[in-house]
Amino acid sequence: MPQFTLKNPHLGKNDHLYHLGILTSDDLEQRFGDIKFVCLGGKQSRMKDFADYLFEKLRQPQNSHFEKAVDESGGKTLRNISKCAGRYSMYKVGDVLLVSHGIGTASLSVVLNEVFKLLHYAGCQNDVKFIRIGTSGGLGVLPGTVVITDQPYDATLSPDFLHVSIGRSQRSPCKTCPEMRESLLKVSKGSDIPAILGNTMSTDDFFEGQCRLDGAFCDYTNEDKAIFLQKAHDEWGIKNVEMESTCLSAMCYKAGLKCAIVCVTFLDRLQGDTVKGEPAQFDEWQKQLYVIVGEYIAESIKT
Ligand code: R2B
Ligand code: URA
């Protein structure tokens, strides 16, 4: 299998992955060369939780990164590899790297640049798969439904990612991997978790960008909002709204890497704006993502 290689001619041998707290002199091939999957999610605590879940699901793989000291019961604790940098959390469980990305494109693109460089410097194979597990607002679906993204759209309903380099706006295509989507859907059908394939709208802002009336500002009417969201649902097939799918799918596609996006919905945005409910219920819904993605990874590693 060929190695994953970034084409940037400016990359050398000495680099500092500043936000991950990793140097190229840190024995990257030995520590990270076996990575096959990268799982990303917004919250640091969710990635720690998912790392612990995956560690058990994959039967405690020894090529994980542990704290040096054992815990009170003599057991091993997974190490937050990026703790020293203080920005993101990162764990390695067997062949899987789990990384938090914060909220939105700015935060996600920083960590993705550094994760891509990590794979490049570590000499990973070029078939590493990226999966985002996240939360979202649903459109016309029951809260708790898991949406596996087919096509990401931006906040203007364009199927690409708008970004700026050397003062110029550029649009890059957003693509998720058809095989990964289908396999994730198949895994979910084998469980009792409600999961669907659908298109996702990704915005740079949680409030006005997602047509909410309950932000600090609102320059449109309830009717304007309802017309836009209904059109997004009916004509574009949008089933959920979040803040990272365009950036992730465009950056992975540009790097030649496959990706999937699996998000649970916390409310139906055709019914309201405010996320409200019991924290325990939200935790339970998010654990559905661990079950689907954990099973998908376990099956993929087996075959
Ligand atoms: C979903 O939830 C976050 C905002 O609350 C954001 O990261 C996203 O995509
Ligand atoms: N995350 C979002 O980006 N939007 C929502 O409505 C809920 C979670």
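All ligand and atom numbering here is 1-based and tracks the order in the structure.
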Practice problem: Report yes if R212 has an N/O atom closer than 3.5 Å to an N/O atom of ligand 2; otherwise report no. | Solution: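 Yes, at least one N or O pair falls under 3.5 Å.
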
Self-check item: E242, any N or O under 3.5 Å of ligand 2 N or O
Solution: no

Does the ring centre of [Y] sit less than 6.0 Å away from the ring centre of [X]?
X	Y	value
H65	F32	yes
Y253	F130	no
F116	Y121	no

Quick check on contacts: which atoms of ligand 2 are under 4.0 angstrom from a heavy atom of [X]?
X	result
L267	6 (O)
V241	2 (C), 3 (O), 4 (N)
M243	3 (O)
Q210	2 (C), 3 (O), 4 (N), 5 (C), 6 (O)

Exercise. Would you mind checking if K43 and D49 are paired as a salt bridge, meaning a charged N to carboxylate O distance below 4.0 Å?
Key: no

Quiz item: Quick one: nearest non-hydrogen protein atom to atom 5 (C) of ligand 2, plus distance?
Solution: G137 N, 3.3 Å

Self-check item: Shortest protein contact, atom 4 (C) of ligand 1 (heavy atom only)
Solution: F206 CD1, 3.7 Å

Quiz item: Is there any N or O on M243 that sits under 3.5 Å from an N or O of ligand 1?
Solution: yes

Quiz item: Does any N or O atom in T135 lie less than 3.5 angstrom from one in ligand 1, N or O only?
Solution: yes

Quiz prompt | Proximal atoms of ligand 1 relative to E242 (non-hydrogen, under 4.0 Å) | solution =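 Matching atoms, with element in brackets: 9 (O).
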
Quiz item: Which heavy-atom pair separates C39 from V293 by the least distance, and what is that distance?
Solution: SG-CG1, 4.2 Å

Quiz item: Who gets closest to atom 6 (C) of ligand 1 by heavy atom: K43, E244, R132?
Solution: E244

Quiz item: If only atom types and distance count, is the side chain of T145 paired as donor or acceptor with the main-chain N or O of A195 below 3.5 Å?
Solution: no

Exercise. Determine whether any heavy atom of D273 lies closer than 4.0 Å to an atom of ligand 2.
Key: no

Exercise. May I ask whether F266 has any heavy atom positioned less than 4.0 angstrom from an atom of ligand 2?
Key: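 Heavy atoms of F266 never come under 4.0 Å of ligand 2.
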
Practice problem: Kindly indicate whether the side chain of T77, heavy atoms from C-beta on, has any atom under 4.5 Å from the side chain of F66. | Solution: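 With C-beta onward as the side chain, the pair stays apart.
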
Self-check item: Atom CG of D204: over 12 foreign heavy atoms under 6.0 Å
Solution: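 Check fails, neighbour count at 12 or below.
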
Practice problem: Over 60° means perpendicular and under 30° means parallel, so classify the ring planes of Y296 and F37, tilted if in between. | Solution: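 Ring orientation of F37 relative to Y296: perpendicular.
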
